[in-house]
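The next block holds one structure in the form of structure tokens; read it before the comments.
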Amino acid sequence: MFSRTTTLLQVAAAVAAMGATAQAQEAIKIGLILPMTGGQASTGKQIDNAVKLYMQQHGDTVAGKKIEIILKDDATVPDNTKRLAQELIVNDKVAIIAGFGVTPAALAAAPLATQAKVPEIVMAAGTSIITERSPYIVRTSFTLAQSSTIIADWAVKNGIRKVATLTSDYAPGNDALNFFKQNFTAGGGEVVEEVKVPLANPDFAPFLQRMKDAKPDAMFVFVPAGQGGNFMKQYAERGLDKAGIKVIGPGDVMDDDVLNGMGDAALGTVTAHLYSAAHPSAMNKEFVAAYKKAFSNRPGFMAVGGYDGIHLIYEALKKTGGKADGDSLVEAMKGMKWESPRGPISIDPETRDIVQNIYIRKVEKVDGELYNVEFATFEAVKDSGKTKK
């Protein structure tokens with residue numbers, strides 16, 4: 001009897017030891033929620049590609065833990081985002097949710113991140129308020145305030161006095177418009193026409209005619225990444241380029257992902273933005289070459305948001321020694337600084353938002369291809385949507 005009891009105790013101890021080992025090696029699951037279909041599919045594909053590239057370069061193990069990505073397509077429908085986030089947290093037991101192609105998607109998941117104490121890493125969406133909606137949200141993309149204020153100041157200094165605005169009718173479009181107007185009018189500029197276009201599948205033609213009739217010096221344009229190609233096609237068809245009406249704005253409209261297909265109508269367009277595939281750093285040259293080799297396409301700013309997002313997760317896990325609870329990870333992310341393909345970036349410890357350089361760029365032909373060539377740099381730009389509160 002004694003020997004049998006000893007055996008049972010030994011078996012129980014062995015099972016417990018196996019359980020502890022399994023737990024130590026247990027995968028850290030990351031739920032990547034992206035628009036892989038629909039109007040924002042290029043955003044989802046860029047981020048998914050960048051995450052894959054980073055993991056190819058840095059391996060799939062951090063602090064002794066295997067990293068497992070579970071990709072879900074929300075097709076830019078916030079109800080889908082919410083349902084998928086819930087399934088990932090409850091059923092798949094993910095430690096982190098990430099991605100979020102548009103603001104409504106990021107906002108839909110925010111209450112779940114708070115409730116479950118799961119970090120939400122925003123790699124794309126750009127409305128200022130997002131990080132205020134949960135203490136577990138950290139952003140590696142951008143805010144529209146960062147670039148819209150800078151292009152407004154540049155326009156005033158460069159003799160642009162009358163501007164017509166065309167912006168997508170949802171939160172980032174409103175941010176872009178409001179921050180641009182605030183700085184442009186304060187500098188003595190005048191907004192002579194203001195139109196908002198539907199987010200989904202917009203036909204720009206009727207709005208462009210109104211722009212042309214207003215005879216502005218320039219058009220301030222915000223459309224989300226992926227829609228710039230269609231916009232520029234209709235801009236040229238309506239003869240706005242021939243009428244001498246320049247396009248200015250945050251860089252979403254001149255996304256590297258679609259820039260090459262725009263044709264000569266895009267030449268000379270000046271935008272303010274966080275990233276260009278032509279950014280002259282050694283790190284970016286390597287990043288662009290590796291991305292092109294892997295995916296036969298040029299990376300855009302959405303790819304960089306994804307690349308930096310997964311980097312942030314890896315580095316936070318290194319700091320916590322593989323501890324993956326939400327409070328430890330978010331604390332580790334606050335104040336983190338590193339060199340990105342876009343330049344030096346950091347996470348503001350107070351707002352959990354990204355601090356980064358914003359570059360003024362002009363579309364030029366380089367070796368037969370269109371690129372956003374940077375010619376001025378504004379360093380360590382914070383989100384003025386928060387700094388002015």
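For the residue pair Ser328/Asp325, the side-chain donor-acceptor check at 3.5 Å is satisfied. Remark: the Thr37 side chain and the Asp73 side chain contain an N/O donor-acceptor pair separated by less than 3.5 Å. Remark: the Gln182 side chain and the Asn178 side chain contain no N/O donor-acceptor pair separated by less than 3.5 Å.
Between Phe220 and Phe184, a ring centre-to-centre spacing not shorter than 6.0 Å is recorded.
Under the 4.5 Å side-chain heavy-atom criterion for grouping Ile, Leu, Val, Met, Phe, Trp and Tyr, Val247 is connected to Met262 within one hydrophobic cluster. Both Ile30 and Leu53 are members of a single hydrophobic cluster when ILVMFWY side chains are connected at heavy-atom separations under 4.5 Å. Residues Phe375 and Ile248 share a single hydrophobic cluster, defined by chaining ILVMFWY side chains whose heavy atoms lie under 4.5 Å apart. Cluster membership check: Met254 does not share its hydrophobic cluster with Ile358, using side-chain heavy-atom separations under 4.5 Å among Ile, Leu, Val, Met, Phe, Trp and Tyr.
Ring geometry for Tyr307 against Phe287 counts as tilted: the plane angle lies between 30° and 60°, on a 0 to 90° scale. His311 and Tyr54 have perpendicular rings, their planes meeting at more than 60° on a 0 to 90° scale where under 30° would count as parallel.
The environment of Lys319 atom NZ is dense: over 12 non-hydrogen atoms of other residues, nucleotides or ligands sit within 6.0 angstrom.
Residues Phe100 and Leu34 approach most closely at N-CD2, 4.0 Å, considering heavy atoms.
Using a 4.5 Å heavy-atom cutoff, the side chains of Arg361 and Tyr371 are not in contact. Residues Lys212 and Tyr235 form no side-chain contact, since every pair of their non-hydrogen atoms from C-beta on lies 4.5 Å or further apart. Under the 4.5 Å side-chain criterion, counting only non-hydrogen atoms from C-beta, Arg83 is not in contact with Asp74. Between Gln115 and Ile89, every side-chain heavy-atom pair lies at or beyond the 4.5 Å cut-off.
Atom OG of Ser384 is separated from atom CD1 of Ile150 by 8.5 Å, given to the nearest 0.5 angstrom. Here the CD1-CD distance, from Ile70 to Glu87, works out to 11.0 Å after rounding to the nearest 0.5 Å. The OG atom of Ser340 sits 8.5 Å away from atom CG of Leu274, with the distance rounded to the nearest 0.5 Å. The structure places CG of Asn372 at 8.5 Å from NE2 of His273, a figure rounded to the nearest 0.5 Å.
Residue pairs meeting the salt bridge (charged side-chain N to carboxylate O under 4.0 Å, His left out) criterion with at least one partner in residues 165-192, sequence neighbours excluded, are Lys181-Glu194. Pairs engaging residues 288-309 under the salt bridge (charged side-chain N to carboxylate O under 4.0 Å, His left out) rule: Asp256-Arg298, Arg298-Glu369, Asp308-Arg342 [sequence neighbours left out]. Each salt bridge (charged side-chain N to carboxylate O under 4.0 Å, His left out) pair with one or both residues in residues 230-244, not counting sequence neighbours, appears once here: Lys233-Glu237.
With sequence neighbours left out, the salt bridge (Lys or Arg N to Asp or Glu O under 4.0 Å) criterion links Glu374 to no other residue. Considering only residues two or more places apart in sequence or on other chains, Asp348 meets the side chain to side chain contact (heavy atoms under 4.5 Å, CB included) condition with Glu350, Thr351, Val355, Lys382.
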Let me check something: any side-chain donor-acceptor pairs from residues 223-230 under 3.5 Å, sequence neighbours excluded? List them with distances.
| residue | atom | partner | partner atom | Å |
| --- | --- | --- | --- | --- |
| Gln227 | NE2 | Leu199 | O | 2.8 |

